[in-house]
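Since the structure comes first, as structure tokens, the remarks are kept for the end.
Every number for a ligand or one of its atoms is a count from 1 in the order of the listing. Positions are given from 1 along the sequence.
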Amino acid sequence: MNMKTFLEKFPEEAENIQKVRKVYPMRVSNHFLNLIQEKDDPIWKQVIPDIAELEDNSNEEDPLHEEKYTPVPCLVHRYPDKVLLLVSNKCATYCRFCTRKRKVGKDVPITKEMITNAINYIADHKKIRDVIVSGGDPLMLTDEMLEFVLQSLRDIPHIEIIRIGTRIPSSMPSRVTPELAQMIAKYHPVYVNVHFNHPMEITEESKRACSLLANAGIPLGNQSVLLKGVNDKPAILKELFQKLVAMRVKPYYLYQADLVKGTEHFRTDVETGLRIMEKIQGHTSGLCMPQFAIDVVGGGKVPLLPANLQFQKGDLYVLRNFEGKLVEYRDPKRREYKKRALQRDHFKMGIVFNLKREIEKGMPEDQFAEYDDISVPLAMKSALEKKGIQTDVLETDENLYERLKSGQYDLIFNFSEGVSIGGGARESEVPAMLDALGIPYTGSGVLTHAIVLDKARTKDLLTLHRIPNARYHLLHSGNEKINPNMTFPMFVKPNREGSSKGIKNNALVNNERELRKIAKWVIKTYNQPALVEEYLDGREFTVSIIGNENPKVLPLVEVTFDYLPPHINKFDSYEVKWFWDNPSNPIDPVVCPAKVSKELQKQIEEVCLKTYKALSIHDFCRMDVRLDKDGVPHIIEVNAIPGLLPDPLDNSRFPKSCYALGMTYDDIIYSVVAESMKRHGMHEQAKKLENESSRIIQLGR
Ligand SMILES: *Cc1c(COP(=O)(O)O)cnc(C)c1O
Ligand code: SF4
């Protein structure tokens, strides 16, 4: 059949064909015309003009922006080491879906001079090692002209492989002659990529053409385009791929149709392609599987895989096999790491802390009172590294989560006040991250930190457990009616701060006017409710505790205020803690061990251990205790991350208790970390840290 006989057979097509071919060129090889069996069959759709081509204005003429990557005419240099060399604008048949629809078949001849220029460009660019001779169709050239191209390319020393992309073996197989195959073979290695889209294209003639090429030692690959209504069914493509392999053609790419103007009616959605690939994979030879790829504007070819990777975490991969069954796979490298960690010859810790910062304008002067100097985590790190534990110092900031995630830590020393400044449960923020990542850490958990940070909630819980604490009232505005059961003097402080933050010398109030004034200042300055408590007029102690199942109370510290001048109130105000009690002041206001009767010692220990349990505190803690006028110990503060300043002259209270037992700063760190390790079941590691001091703690004084 030729075009004349075709139009005699389908006269009603003539009008549309005339319309379309005014815009887009048309040519159909007799071979293809003969393959057409009926209107709109898969061959017809590929080659016979369709009025729909004229109705598509949605797409671009040059969707891949090839012109942008065209440094000289006839050449597309899009990738570092490979180029397309366009040697012809003609094809034996013009596919209606062609990506180069804008060019092929039009009267822009490619001259020998243009080709020579493009080859010179290739010769000048030593990085190019792969040339794809394309078009149009390179086999539309005469053998002589094609040989000129191949020979010129082969003469360039840095060209390793030459590829020819052609549709001739499917569209005009008679063009492939023994002479052509022998000529190509002279320039090996030459690969030929053919173009079959439907099993109907595989005929005796095309088989003969392919085997001529294969017999000349030319490796053959196939590129198909996924086309709606032509081949967008798994069964069709599976048959095509199998038949290709049977004639020694390896399926190479299955392309998602490009966004070319005039071809929209062929375009499927991506999901269709993925589903087809999924349906074929595993149900035929791996050899039959091409890569499914999208040629993306500005992105080049992107191979797409069906979602075989269902889930991945750590070394675990959950894959979906060709039957849809979920199967597990484990990564070898990470498993090795885990084994190492289990043997504990590579124990790794991190210390998470908050670095003291400059006070910014508008912040209260004690804004960062709870934050630490770099000397604190460095002293801890030095202690741990003496025991061979590799230790990182990590500052708490918004990137902490990622660093914890990638750091492969076995244990974290949590010394963090939180990521947020002033967040309602800030001391729980880092524990929450660590819980989410499954990384063990020292000290209490999320809930304990959240409760302890809220003094009113803590007091409610203590009251529930019949643990003595001062009567209180929480003020949100400062204008509320004051609880009539409470008596002056009273004490006003922020509900959610530590380190004497927000407790100035004037925190002790004797009447309602003073109370409201201070309460309003606290609410405004610290942006939180003010806690008002009845003032306890007795001695003050700091109690340090270490341990878990059987926690031990360390020697009591008494905080004395006798040395203060008369106008300074006798409690742990910000002024007292950070100004009156500093290393340059010769008076030692902190006495350890405190001079107390056996009876008082026992009462204090009891109330503190009860508190420790009631609040589910882990590993270590510091509490402040005050006696009321009758000498009964009351809990006034609980600090689940006590300060651990390394300089003894700083009078850091928790270390002070430990020093009274003869421990060094390093011993303190070892004891806390060892308690935590034991709680997490890391007994071997804990043993390496425990020493004489731990024994002293266990026996008590
Ligand atoms: C497809 C293409 C190539 C060849 O890509 P491969 O993935 O190596 O087959 C080279 N250059 C351009 C511009 C292309 O579109
Ligand atoms: S053979 Fe290739 S270049 Fe020619 S029209 Fe078909 S798709 Fe386009």
Side-chain angles (χ1 to χ4, degrees), residues 21 24-29 31-32 43 45-49 53 61-71 74-106 110 118 122 125 127-141 160-173 175 191-198 201 219 221-227 230 250-258 260 262-263 266 290-304:
R21 71 182 306 173
Y24 299 113
M26 175 198 185
R27 175 191 272 170
V28 189
S29 65
H31 175 76
F32 264 166
I43 303 293
K45 282 194 170 162
Q46 291 187 67
V47 302
I48 303 297
E53 295 175 44
E61 288 191 352
D62 173 18
L64 304 181
H65 297 183
E66 283 189 334
E67 304 296 352
K68 217 166 70 188
Y69 299 101
T70 298
C74 306
L75 189 119
V76 184
H77 195 174
R78 171 72 183 85
Y79 295 95
D81 74 340
K82 57 193 180 191
V83 292
L84 294 189
L85 177 63
L86 310 176
V87 296
S88 161
N89 269 345
K90 297 191 167 62
C91 300
T93 295
Y94 294 121
C95 312
R96 305 323 299 169
F97 52 83
C98 178
T99 297
R100 298 201 186 88
K101 211 176 167 86
R102 72 186 187 283
K103 281 190 137 177
V104 293
K106 302 219 169 149
I110 292 179
I122 296 170
H125 290 76
K127 278 200 179 141
I128 302 169
R129 40 164 289 286
D130 177 4
V131 178
I132 296 130
V133 181
S134 180
D137 201 316
L139 296 196
M140 292 301 281
L141 300 183
E160 293 172 13
I161 57 167
I162 300 170
R163 302 193 243 175
I164 295 172
T166 175
R167 197 164 192 193
I168 287 289
S170 55
S171 65
M172 193 191 270
R175 167 70 183 91
Y191 286 66
V192 169
N193 264 339
V194 297
H195 179 171
F196 287 80
N197 291 324
H198 193 278
E201 296 166 39
N222 180 69
Q223 321 202 65
S224 301
V225 184
L226 185 58
L227 299 167
V230 174
K250 167 79 183 84
Y252 179 49
Y253 278 130
L254 172 67
Y255 290 115
Q256 171 73 3
D258 289 328
V260 187
T263 68
F266 284 112
Q291 286 211 64
F292 178 50
I294 305 187
D295 217 338
V296 197
V297 184
K301 290 184 186 66
V302 180
L304 284 186

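- In this structure, the side chain of Asn193 does not engage the main chain of Gln223 through any donor-acceptor pair within 3.5 Å.
- Every atom of ligand 1 is numbered from 1 in the order shown, and the set under 4.0 Å from a heavy atom of Arg78 is 13 (C).
- At least one heavy atom of Tyr252 sits closer than 4.0 Å to an atom of ligand 1.
- For atom 4 (Fe) of ligand 2, protein N/O/S neighbours under 2.8 Å (waters excluded) are Cys91 SG.
- Environment of OH in Tyr255: crowded, with over 12 heavy atoms of neighbouring residues, nucleotides or ligands closer than 6.0 Å.
- With a heavy-atom cut-off of 4.0 Å, Tyr253 touches ligand 1 through its side chain alone.
- Near Val76, meaning under 4.0 Å from one of its heavy atoms, ligand 1 places the atoms 13 (C).
- Side-chain atoms of Ser29 come within 3.5 Å of backbone atoms of Ser171 as a donor-acceptor pair (strictly under, hydrogens ignored).
- Not a single donor-acceptor pair under 3.5 Å links the side chain of Thr263 to the backbone N or O of Phe266.
- Heavy-atom distances between His77 and ligand 1 stay at or above 4.0 Å for every pair.
- Remark: the backbone N or O of Cys91 is not paired with any side-chain donor or acceptor of Arg167 at under 3.5 angstrom.
- The backbone N or O of Leu139 lies less than 3.5 Å from a partner atom in the side chain of Asp137, making a donor-acceptor pair.
- Judged by distance alone, with hydrogens and angles left aside, the side-chain atoms of Asn197 form a donor-acceptor pair with the main-chain N or O of Val225 at under 3.5 Å.
- Listed by chain and residue number, nothing satisfies the ring pair (Phe, Tyr, Trp, His ring centres under 6.0 Å) test with Phe292 (two or more places apart in sequence, or in another chain).
- Within the 3.5 Å criterion, the main-chain N or O of Pro138 finds no donor-acceptor partner in the side chain of Ser88.
- Considering backbone and side-chain N/O atoms, Asp130 never comes within less than 3.5 Å of an N/O atom of ligand 1.
- With a heavy-atom cut-off of 4.0 Å, Ile132 touches ligand 1 through its side chain alone.
- Of the polar atoms of Lys301, at least one N or O is found under 3.5 Å from an N or O of ligand 1, judged by distance alone.
- Listed by atom number, the atoms of ligand 1 under 4.0 Å from Arg163 heavy atoms are 4 (C), 6 (P), 8 (O), 9 (O).
- At least one donor-acceptor pair closer than 3.5 Å links the side chain of Glu201 to the backbone N or O of His198.
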